[in-house]
Amino acid sequence: MDWLEALILGLVQGLTEYLPVSSSGHLTIGQELLGVSSKDNLTFDVVVHVATVCSTLVILWKEVVWLLKGLFSRNTEPGGGKLNAAQRYTLAIVVSMIPVGIVGVFFKDMVEEVFGSGLLVVGCMLLLTAALLAFSYYAKPRQKDEISLKDAFIIGIAQAAAVMPGLSRSGSTIATGLLLGNKKESLAQFSFLMVIPPILGEALLNVIKAVKGGAEAAVGDLSLTALVVGFLAAFLSGCVACKWMIDIVKRGKLIWFAVYCGIVGTIVILTSIF
């Protein structure tokens, strides 16, 4: 992988991590088009995923600081119980991590082995993403003021299902939250914050795999320039996509991403078959 390919794939990762179009699916498509395989380049995957976490922390820094401060503060809200708002929000994030933690640790390799990551699977999952986005757009459930622990767990199940290549994580979690009746103003923020621990956890698992496989297997033919370019591309494009996606969800314009995923998914399926 040279620096130009790293630039392109970094941009793809950064943009599609937040937009509801599946970063894993678009990375697979991009690698196929560029003739690049990341199976032996775990380091690049770790770097670009950590870059997207950094972009989340930059765009949502106020919310992150609020959560950190709230964790060590007593509840002064009248009738709010023992936990303050920040602690309840953090608990919801922790609950949402349970399904993806179970799948990531115990079943991810099995899912990849059974379903693979070929274009046909990506195309089918993109169509499923399109269906979820369209359904959530037209459904009008009663709005809730706060994301409950039950809803957080169900949204976490949607995130766990997104280990399938082509099934958008942000699309699945936001669509599920909308179908549960949660306010769109808070869903994008929750969706982006809840993914930080799983991404860092997956990065750690990949580092462990890389260490076990040896430095040569981890880095492959990557150069330091390619890693830096990939990180910066994913970070900068991730900042843009994260901020843009929050505004899009607030305006309720997800239907256009459903159309996009439907078109791309159909093209990918036809290409892989014929």
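If you read the sequence from its start, that first residue is 1, and numbering goes on from there. Because only heavy atoms are used, hydrogens play no part in the values below, and waters and symmetry mates are left out as well, while side chains stay in. On a predicted model such as this, the values are computed, not experimentally measured, just so you know.
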Using a 4.5 Å cut-off on heavy atoms from C-beta on, say whether the side chain of P20 contacts that of L254. yes

Nearest 0.5 angstrom please: S22 OG to R169 CZ, how far? 10.5 Å

Euclidean distance, N182 CG relative to I155 CD1, rounded to 0.5 Å: 5.0 Å

If you look at every heavy atom in L227 and V47, which pair is closest and at what distance? O-CG1, 3.7 Å

Evaluate the criterion side-chain contact (heavy atoms from CB on, under 4.5 Å) for residue pair T173 and V195; output intermediate values, then yes/no. CA-CA 10 Å; T173 54; V195 78; over 6 Å; no

Kindly say whether S73 contributes a backbone atom to a donor-acceptor pair with the side chain of Q87 at under 3.5 angstrom? yes

Which pair of heavy atoms, one from G14 and one from A241, lies closest together, and at what distance? O-CB, 3.8 Å

Check the surroundings of atom CH2 in W244: do more than 12 heavy atoms from other residues, nucleotides or ligands lie under 6.0 Å from it? no

Quick one: pull up CD1 in I29 and CG in L119 and give me the separation to the nearest 0.5 Å. 6.5 Å

Residue pairs passing the salt bridge (Lys or Arg N to Asp or Glu O under 4.0 Å) test with at least one member in residues 92-106, sequence neighbours excluded, are none

Residues 95-107 side chain polar contacts: donor-acceptor under 3.5 Å, at least two apart:
residue	atom	partner	partner atom	Å
S96	OG	I93	O	2.6

Please tell me whether L68 and W61 are part of a single hydrophobic cluster in this structure, the criterion being side-chain heavy atoms less than 4.5 Å apart. no

Salt bridge (charged side-chain N to carboxylate O under 4.0 Å, His left out) against K243, all qualifying residues, sequence neighbours excluded: none

Within one Ile-Leu-Val-Met-Phe-Trp-Tyr cluster: Y137 and I248, side-chain cutoff 4.5 Å: no

Would you compute the distance between atom OG1 of T56 and atom CD of E17 and round it to the nearest 0.5 angstrom? 7.5 Å

List the atom pairs, with distances to 0.1 Å, where a side-chain N or O of residues 228-235 and a protein N or O form a donor-acceptor pair under 3.5 Å, not counting sequence neighbours.
none

Apply the test side-chain contact (heavy atoms from CB on, under 4.5 Å) to residues L127 and I269: give CA-CA distance (whole Å), side-chain angles for both, the deciding distance (0.1 Å), then the verdict. CA-CA 10 Å; L127 292 184; I269 291 174; 3.5 Å; yes

Restricting to non-hydrogen atoms, name the atom on H49 and the atom on I199 that form the minimum distance, rounded to 0.1 Å. O-CG2, 3.5 Å

Just so I know, are the side chains of V12 and V48 near enough to count as touching, which here means a heavy-atom distance under 4.5 Å? no

From I59 atom CD1 to C242 atom SG, the distance as rounded to the nearest 0.5 Å: 5.5 Å

Check for a donor-acceptor pair, side chain of H26 on one end and backbone N or O of V21 on the other, with a separation under 3.5 Å. yes

Test item: side-chain donor near acceptor, Y18 and S55, under 3.5 Å: yes

Closest heavy-atom contact between I174 and A188? CD1-CA, 4.2 Å

Is the backbone N or O of F192 less than 3.5 Å from a side-chain atom of S170, with the two atoms forming a donor-acceptor pair by type? no

Does a side-chain heavy-atom distance below 4.5 Å link T225 with D2? no

Cluster check L60, V240: I/L/V/M/F/W/Y, side chain < 4.5 angstrom: no

Same cluster or not: are V122 and I267 linked, directly or through other Ile, Leu, Val, Met, Phe, Trp or Tyr residues, by side-chain heavy atoms under 4.5 angstrom apart? no

Are any non-hydrogen side-chain atoms of L187 and I147 less than 4.5 angstrom apart? yes

Would I255 end up clustered with L19 when hydrophobic side chains under 4.5 Å apart are linked, directly or stepwise? no

Any donor-acceptor pair under 3.5 Å linking the side chain of S186 with the backbone of K183? yes

T16: side chain to side chain donor-acceptor pair (under 3.5 Å) partners, not counting sequence neighbours: none

Separation between CG of L91 and CG of L83, rounded to the nearest 0.5 Å: 6.5 Å

Sequence neighbours excluded, the answer for side chain to side chain contact (heavy atoms under 4.5 Å, CB included) partners of L128 is M125, L167

So which atom in S237 and which in G10 form the shortest heavy-atom distance, rounded to 0.1 Å? OG-O, 3.8 Å

Atom of G262, atom of A130 and distance for their closest heavy-atom approach: N-CB, 3.6 Å

